[in-house]
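We use all heavy atoms of the structure for the numbers below, so side chains are in, but hydrogens, waters and symmetry mates are not. Letters A, B, ... mirror the listed sequences (proteins, then strands); counts begin at 1.
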Protein chains: 2
Amino acid sequence: MKECKYIGLCSICCCENKPSLFNGLSEDDFDELHSERKEISFKPGEIIFKQGTALTHFACFREGFAKIYYERPEGSNILVNIVGSGYLCESMGMFTDNIHHLTTQALTTVKLCLIATKNFDALLRSNQEMAIELISMKNKQSINLTTKLANLTYKNMAGRVADVLLYLRNDIYKADEFVLNLSRQDLADLAAMSKESFIRTLKEMRDAGILEVHRDDVKIIKLRELKQLSAN
Amino acid sequence: MKECKYIGLCSICCCENKPSLFNGLSEDDFDELHSERKEISFKPGEIIFKQGTALTHFACFREGFAKIYYERPEGSNILVNIVGSGYLCESMGMFTDNIHHLTTQALTTVKLCLIATKNFDALLRSNQEMAIELISMKNKQSINLTTKLANLTYKNMAGRVADVLLYLRNDIYKADEFVLNLSRQDLADLAAMSKESFIRTLKEMRDAGILEVHRDDVKIIKLRELKQLSAN
DNA sequence: ATTAATGATTGACATATATCAATATATAAA
DNA sequence: TTTATATATTGATATATGTCAATCATTAAT
């Protein structure tokens with residue numbers, strides 16, 4: 001890793017998890033943004049952004065994991081994704097209605113920086129590279145949402161549970177063996193099913209020797225078969 | 001309507017359905033874009049953009065309706081939305097992988113303008129207003145996708161059918177009585193269910209006096225009850 | 001150590017929804 | 001007009017999934 005004057009301060013630096021959004025910024029612009037930030041720490045379970053409230057700052061994740069979910073009026077949630085270091089969170093409110101459209105809640109201890117949207121607005125207006133990077137980011141998110149929509153509405157339970165496990169393996173824990181920091185209800189919300197059904201399907205996979213599961217410890221044994229289930 | 005030199009030429013003019021995206025453009029920039037456009041006409045059933053192919057142009061809808069859907073490997077489709085005059089279509093490929101991630105197919109005769117993405121790129125880089133408008137557009141689409149995801153995964157059939165009818169009433173035909181230019185399969189794809197189930201649920205609503213339906217003619221009689229069904 | 005509280009697991013059961021097959025209706029072709 | 005073709009509708013049936021209640025495991029509190 002190259003030497004960096006921001007080290008230890010914040011993830012919006014020149015280091016590993018710098019969001020690509022900041023790539024095109026001049027050093028002056030970046031320093032300005034950096035100096036305006038507020039570093040905050042959240043404990044597990046704490047709400048970072050609440051759906052329906054005003055969007056005044058966006059969050060830039062430094063450490064830890066959070067879940068992002070849509071709260072339905074009837075109480076059931078749909079868990080949209082799990083996010084960690086490098087993620088930029090604005091809950092789709094930017095340049096629309098300045099309202100958070102999703103709730104973000106800490107799963108582990110979370111450290112992040114808050115940057116006022118008004119600081120960001122000004123910068124965005126003077127910096128085309130950043131605007132284009134943001135459009136790119138938004139389009140990628142839309143592509144994800146669309147495939148999620150198709151998978152959740154058309155796949156059977158086994159396929160949806162397999163998708164959740166593959167998502168955790170590939171995108172979150174990046175290993176075949178991991179310790180969950182999500183409840184069974186969270187996992188069910190991610191697969192759009194009841195927690196009982198999720199547990200039952202998980203058990204079937206365990207019985208088939210595809211996984212080892214004990215409470216929060218998960219180990220994927222037969223990746224090929226898991227992928228097979230995901231593909232139907 | 002104010003006088004306009006573009007009248008009769010193309011929807012990306014100063015008239016009614018000018019996409020908000022073009023609001024911030026200078027007259028010179030706009031004329032440039034306008035002169036580079038290609039006006040094309042499609043017949044009902046024709047594919048305008050095919051999922052998986054290269055994104056070289058984006059489309060600006062002038063007249064008629066098209067359906068936009070995601071094609072699943074197994075053959076089932078999920079119909080994302082119906083679009084008409086003023087809609088700007090780039091299938092989420094812009095600034096990502098330059099691939100169409102959705103298929104767009106004409107439902108009626110469709111007239112639209114094609115604008116090369118490279119012309120657009122250059123303009124976007126020099127025009128902050130347009131970039132911000134595009135981000136706004138993208139965020140609105142994401143909000144839509146998220147509520148659709150929640151509704152399609154958690155509502156029962158009656159609720160989903162009611163949602164489809166309300167969508168057609170409010171956003172597409174803008175009237176309580178309309179003639180569909182969608183097949184029953186299309187409607188089912190919009191509600192994420194089988195066409196038989198859609199037909200049966202529709203029949204129940206007809207029997208309950210909420211609607212009058214005969215083939216493609218639909219009339220909403222009891223709007224209040226339809227909204228009630230949508231809310232569960 | 002005992003109790004309480006929370007989340008996970010299992011079982012029994014009801015039901016919403018898909019599937020398959022048959023028929024009807026409308027549209028196009030001859 | 002008659003036939004062919006596509007789409008819509010209805011019916012019977014199977015099954016995937018949710019719901020409710022009971023039990024178990026784990027952690028926190030006293």
Just jot down the salt bridge (Lys or Arg N to Asp or Glu O under 4.0 Å) partners of [X], sequence neighbours excluded, or say none.
{"X": "A/D171", "value": "none"}
{"X": "A/K219", "value": "none"}
{"X": "B/K148", "value": "none"}
{"X": "A/D176", "value": "A/R169"}

Degree of bending, the helix from C/dA1-D/dT30 to C/dA30-D/dT1 (end axes from five pairs; round to 10°):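 Nearest ten degrees gives 30° for this helix.
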
Using residues 182-192 of chain B as the side-chain source, report each donor-acceptor pair under 3.5 Å to any protein atom, sequence neighbours left out, with the distance given to one decimal.
| residue | atom | partner | partner atom | Å |
| --- | --- | --- | --- | --- |
| B/S183 | OG | B/Q185 | N | 3.3 |
| B/S183 | OG | B/D186 | N | 3.1 |
| B/S183 | OG | B/D186 | OD2 | 3.4 |
| B/R184 | NH1 | B/R215 | O | 3.3 |
| B/R184 | NH2 | B/R215 | O | 2.8 |
| B/Q185 | NE2 | B/D189 | OD1 | 3.0 |
| B/D186 | OD1 | B/K67 | NZ | 2.6 |
| B/D186 | OD2 | B/K67 | NZ | 3.4 |
| B/D186 | OD2 | B/S183 | N | 3.2 |

Selection: residues 175-189 of chain A, any non-hydrogen atom under 4.0 Å of DNA chain C: A/S183, A/R184

Set of residues satisfying ring-ring contact (aromatic ring centres under 6.0 Å, His included) with respect to B/H57, sequence neighbours excluded: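 ring-ring contact (aromatic ring centres under 6.0 Å, His included) check on B/H57 returns nothing, list empty.
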
Under 4.0 Å protein heavy-atom contacts per nucleotide of nucleotides 13-24 of chain C, with B for base, S for backbone only and - for none: ----SBBB----

A/Q51 side chain to A/Y70 side chain, donor-acceptor N/O pair below 3.5 angstrom: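 Their side chains do not contain a donor-acceptor pair, so the 3.5 Å distance test is not met.
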
A/K155: side-chain contact (heavy atoms from CB on, under 4.5 Å) partners, not counting sequence neighbours: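 Listed in chain order: A/N151, A/R160, A/D163, A/S230, A/N232, B/R72.
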
Under 4.0 angstrom between A/K203 side-chain N/O and C/dT10 OP1 or OP2: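 For C/dT10, OP1/OP2 do have a side-chain N/O of A/K203 under 4.0 Å.
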
Bounds of contact between DNA chain D and chain A, in 5' to 3' order, using a heavy-atom cut-off under 4.0 Å: D/dT17 to D/dT26

Sequence neighbours excluded - ring pair (Phe, Tyr, Trp, His ring centres under 6.0 Å) pairs with any residue from residues 168-197 of chain A: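 Non-adjacent pairs meeting ring pair (Phe, Tyr, Trp, His ring centres under 6.0 Å): A/Y173-A/F178.
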
Nearest-0.5 Å distance, CD1 of residue A/I82 to CD1 of residue A/I172: 5.5 Å

